[in-house]
Amino acid sequence: MVFFVLSNGVTVLQLALMPAFKAVFGMTSLVDTSFQVLAVGSNPDGSPFYLFDYAAGGLPEGGGGLAYFLAVQVTLLIAQVINFFAQRNVTFKSNTNIWRAAFWYTVAYVVITFAAAALQGWYKAPVYELLIDTWGMGKTGETVADMVTMMINAVLSFWVFFPIFKVIFKREPEPAEPAGVDVSSVRAGQEV
């Protein structure tokens, strides 16, 4: 339950931050800088399928360019740093090595980011087209589509991260106090 509440809190934070970062980066020339990397096949129309496909130009005509990519990644980075400490300390009360946990969390974050990017190839364009063009919602549709794609990513991350957290955020048993020893007098003797 705690995992669910914290995860949803982080998702709400992402929903609040994304439009702000998108607006800031959207005022730069980065919108007109294409960021299409890791071609891994082709779309049904024969065009290349990029794992990260942020074509130059504003949405929906373009893909938001490097500005949109950075807005997404900066938002995710902030949310994941907060999520790491919240889940580690509050949900799982982990007492294992923080650096080892951070390393494995980072590995999981990168793998999930690539998997989510691959899945976006299936749903991102149709969601934006539906909300912006088909339903004629314009800028409002773009904002709603941003939120829908973030929610899809959040749900995917939720189901993938929980089992990973169970492994990397372990709680090791505390050493037991020796039986029959007055702990306060032992500790007092150590402080001298």
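Quick note: numbers below take in every heavy atom, side chains included, and nothing from hydrogens, waters or symmetry partners. From a predicted model like this one, the values you see are computed outputs, not experimental measurements.
- No continuous path of hydrophobic side-chain contacts links V12 to V81 [ILVMFWY only; heavy atoms under 4.5 Å].
- For T33, the side-chain hydrogen bond (donor to acceptor under 3.5 Å, both in side chains) test picks out no residue, with sequence neighbours left out.
- Contact of the E172 side chain with the S94 side chain is not registered, since no non-hydrogen atoms from C-beta on lie closer than 4.5 Å.
- Aromatic ring centroids of F162 and F4 lie 6.0 Å or more apart.
- Atom NZ of K22 and atom CE of M27 lie 13.0 Å apart (nearest 0.5 Å).
- L6 shares a hydrophobic cluster with V2, V90; the chain of contacts runs through ILVMFWY side chains whose heavy atoms sit under 4.5 Å apart.
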Side chains of residues 106-119: which donor-acceptor pairs under 3.5 Å do they make with residues two or more places apart or in other chains?
unit_1, atom_1, unit_2, atom_2, d
T106, OG1, A102, O, 2.8
T113, OG1, Y109, O, 2.7

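- Using a distance-only test at 3.5 Å, with no hydrogens or angles considered, a donor-acceptor pair links the side chain of T143 to the main chain of K139.
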Any chance you could lay out the ring pair (Phe, Tyr, Trp, His ring centres under 6.0 Å) test for F84 and F169, step after step, and finish with the verdict?
CA-CA 10 Å; F84 172 81; F169 292 149; 5.4 Å; yes
Working note: F85 + I98, criterion side chain to side chain contact (heavy atoms under 4.5 Å, CB included); need CA distance, chi angles, decisive distance, verdict.
CA-CA 10 Å; F85 288 106; I98 192 167; 3.7 Å; yes
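- Remark: K166 NZ to F92 CZ distance equals 6.0 Å, nearest 0.5 Å.
- Note that the CG atom of N8 and the CD atom of Q14 stand 11.0 Å from one another [nearest 0.5 Å].
- R88 places no side-chain N or O within 3.5 Å of a backbone atom of N83 that could act as its donor or acceptor partner.
- The local environment of CZ in R100 is sparse, with at most 12 non-hydrogen atoms from other residues, nucleotides or ligands closer than 6.0 Å.
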Side-chain donor-acceptor pairs under 3.5 Å in residues 47-57, sequence neighbours left out?
unit_1, atom_1, unit_2, atom_2, d
S47, OG, N43, ND2, 3.0
S47, OG, D45, OD1, 2.6
D53, OD1, Q36, NE2, 2.7

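- No single ILVMFWY cluster, assembled from side-chain heavy atoms under 4.5 Å apart, contains both V72 and V24.
- The ring-ring contact (aromatic ring centres under 6.0 Å, His included) pairs that include a residue from residues 9-37 are F35-F69, where partners are two or more places apart or lie in different chains.
- Among all heavy-atom pairs drawn from A67 and G26, the shortest one is CB-N, 4.3 Å.
- When hydrophobic clusters are built by joining Ile, Leu, Val, Met, Phe, Trp and Tyr residues whose side-chain heavy atoms come closer than 4.5 Å, directly or via intermediates, F161 is not grouped with V5.
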Which side-chain N or O atoms in residues 73-80 pair as donor and acceptor under 3.5 Å with protein atoms at least two apart or in another chain?
unit_1, atom_1, unit_2, atom_2, d
T75, OG1, A71, O, 2.7
Q80, OE1, Y105, OH, 2.4

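- Between the CG atom of L131 and the CE atom of M137 there is a distance of 5.5 Å, given to the nearest 0.5 Å.
- Inter-residue side-chain proximity for Y123 and I152 is flagged as met; some heavy-atom pair is nearer than 4.5 Å.
- If you take CG on L70 and CG on L30, they are separated by 6.0 Å, rounding to the nearest 0.5 Å.
- Side-chain contact check for E142 versus M147: every heavy-atom pair is 4.5 Å or farther apart.
- Counting heavy atoms from C-beta outward, M150 and L15 have side chains that approach closer than 4.5 Å.
- Between the side chains of Y68 and D146, at least one donor-acceptor pair of N or O atoms lies under 3.5 Å.
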